[in-house]
Amino acid sequence: MSDFVEFRARGRAALLAREATHDLPMVDGATRWGAAAVLRPEGEIVDRMTELAATVSAPGHWVHGGRTLHVTLRTLEPYRTHIPQDDPLRRAYGAALAEAADGLPPAEVRLAGVSPHRGGVLVGAHPQDDTLDTLRKRFAHALESRRVRDLEHGRVRDLWYVSLVHFAAPLTNPRELVEWCDTHADADFGTIGLPAAEIVQFLHTGEGIRVHSLESAALDGGGGASPRPHS
């Protein structure tokens, strides 16, 4: 949690100094919002995070909720508008994810703490076991063994989170948003098991983001995981 406290302090300072960044609607070849491996929470905790996100004053920005909420395991490629079911990279991502998930139990995370950062607002995802880190390492190895390069470039994720808001235009109310985050800095949504990992595509709806599942692999501890393609 100490790393998250430091992250929050840096995010507050950046927004108050008017150093916010923002995303643009996706176009083919962009380095942001391409296909990624993620884990999505389910159940009442998602409802409560969605309800909280709906109270933030963020007109013109991408406010997330429901099945859009996710923990990113790894970013994979530049943005593509169309990723067909028989795409070789999509198949490789799915096979690598199934290999990485094989035998692992659901990833236990505590979702707590609201923080501003340069590009938006997030909730901390604090691992309660080794599953996320093990999955991250296994997936990187499985991709490498298939000679598949991703956009992480060797990055080691040591801070996990669920984004509630991505800024989609210059931020006009940084102090108000920081104060909202301060009010909810100690929000604790509880601990949850993340039951599956997915390869997903992000789609711009005109007002926000929708997450489309391409492949999935269960985290059930039973072994024998296999990729499950989605249309």
Side-chain angles (χ1 to χ4, degrees), residues 1-23 32 36-58 61-75 105-136 152 155-168 171 173-197 202 208-209 211 219:
M1 290 289 283
S2 60
D3 289 344
F4 191 71
V5 169
E6 295 170 6
F7 175 85
R8 180 188 292 146
R10 292 195 300 270
R12 291 184 80 262
L15 295 197
L16 294 175
R18 296 190 174 274
E19 296 173 351
T21 61
H22 65 275
D23 283 295
R32 297 242 328 139
V38 308
L39 301 94
R40 290 193 281 180
E42 300 176 356
E44 181 185 353
I45 282 179
V46 174
D47 296 337
R48 287 192 276 127
M49 287 194 294
T50 300
E51 291 171 3
L52 180 64
T55 70
V56 66
S57 178
H61 302 298
W62 299 339
V63 179
H64 307 308
R67 294 294 286 160
T68 304
L69 300 174
H70 64 276
V71 176
T72 298
L73 181 69
R74 202 167 189 89
T75 55
E108 295 287 326
V109 297
R110 177 184 167 204
L111 294 168
V114 174
S115 173
H117 66 101
R118 290 177 184 271
V121 177
L122 54 80
V123 171
H126 311 281
Q128 304 298 292
D129 59 21
D130 295 330
T131 300
L132 266 182
D133 192 50
T134 300
L135 183 64
R136 175 188 64 79
E152 296 280 327
R155 173 188 178 189
V156 176
R157 289 182 178 267
D158 56 1
L159 189 72
W160 304 92
Y161 54 84
V162 174
S163 286
L164 297 182
V165 178
H166 275 95
F167 301 142
L171 187 62
N173 60 339
R175 185 165 295 279
E176 178 184 2
L177 191 138
V178 165
E179 289 174 354
W180 184 89
C181 290
D182 288 348
T183 298
H184 301 288
D186 296 326
D188 192 338
F189 299 96
T191 299
I192 190 171
L194 302 176
F202 300 104
I209 299 298
V211 177
L219 296 169

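Please read these numbers as outputs of a predicted model, since none were measured by experiment.
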Could you tabulate the donor-acceptor pairs under 3.5 Å formed by side-chain atoms of residues 185-196, not counting sequence neighbours?
| from | atom 1 | to | atom 2 | distance (Å) |
| --- | --- | --- | --- | --- |
| Asp188 | OD1 | Gly190 | N | 3.0 |
| Asp188 | OD2 | Arg110 | NE | 3.1 |
| Asp188 | OD2 | Arg110 | NH2 | 2.8 |

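Interatomic distance, CG of Leu16 versus CG of Leu177, reported as 10.0 Å (0.5 Å rounding). Separation of atoms CG (Leu73) and CG (Leu135) is listed at 4.5 Å; rounding is to 0.5 Å. Rounded to the nearest 0.5 Å, atoms CZ (Arg136) and CG (Asp130) are 11.5 Å apart. The distance from the OG1 atom of Thr75 to the CZ atom of Arg157 is 5.5 Å, given to the nearest 0.5 Å. Rounding to the nearest 0.5 Å places CD of Glu19 at 4.5 Å from CZ of Arg118. To the nearest 0.5 angstrom, Leu69 atom CG is 9.5 Å from Leu111 atom CG.
Trp62 and Ser163 share no side-chain donor-acceptor pair at under 3.5 Å.
Across every non-hydrogen atom of Val114 and Trp180, the tightest pair is CG1-CZ3, 3.9 Å. Heavy atoms only, all atoms of each residue included: Thr131 and Pro106 are closest at OG1-O, 3.9 Å. Nearest heavy-atom pair across Thr68 and Ile209 is OG1-O, 3.3 Å. Counting all heavy atoms, side chain and backbone alike, Val46 lies closest to Pro41 at CG2-O, 3.2 Å. Across every non-hydrogen atom of Val165 and His64, the tightest pair is N-CD2, 4.0 Å. The shortest heavy-atom contact between Leu132 and Pro127 is CD1-CG, 4.1 Å.
Aromatic ring orientation, His117 versus Tyr161: tilted (interplanar angle from 30° to 60°). Taking the six-membered ring where the residue is Trp, Phe4 and Phe7 present parallel rings, their angle staying beneath 30° rather than reaching 60°.
With Arg12 as the fixed residue, the side-chain contact (heavy atoms from CB on, under 4.5 Å) test singles out one of Pro116, Pro174, Ser115: Pro116.
Checked against the 6.0 Å centroid criterion, the rings of His166 and Phe202 do not qualify as a close aromatic pair.
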Report the C-alpha separation of Val162 and Val109 in whole Å, then their side-chain angles, then the decisive distance to 0.1 Å, and conclude whether the side-chain contact (heavy atoms from CB on, under 4.5 Å) test is met.
-> CA-CA 11 Å; Val162 174; Val109 297; over 6 Å; no
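Applying the side chain to side chain contact (heavy atoms under 4.5 Å, CB included) test to Glu44 and every residue at least two apart in sequence or in another chain returns Arg48.
More than 12 non-hydrogen atoms from other residues, nucleotides or ligands lie less than 6.0 angstrom from CG of Asp47. At most 12 non-hydrogen atoms from other residues, nucleotides or ligands lie less than 6.0 angstrom from CZ of Arg18.
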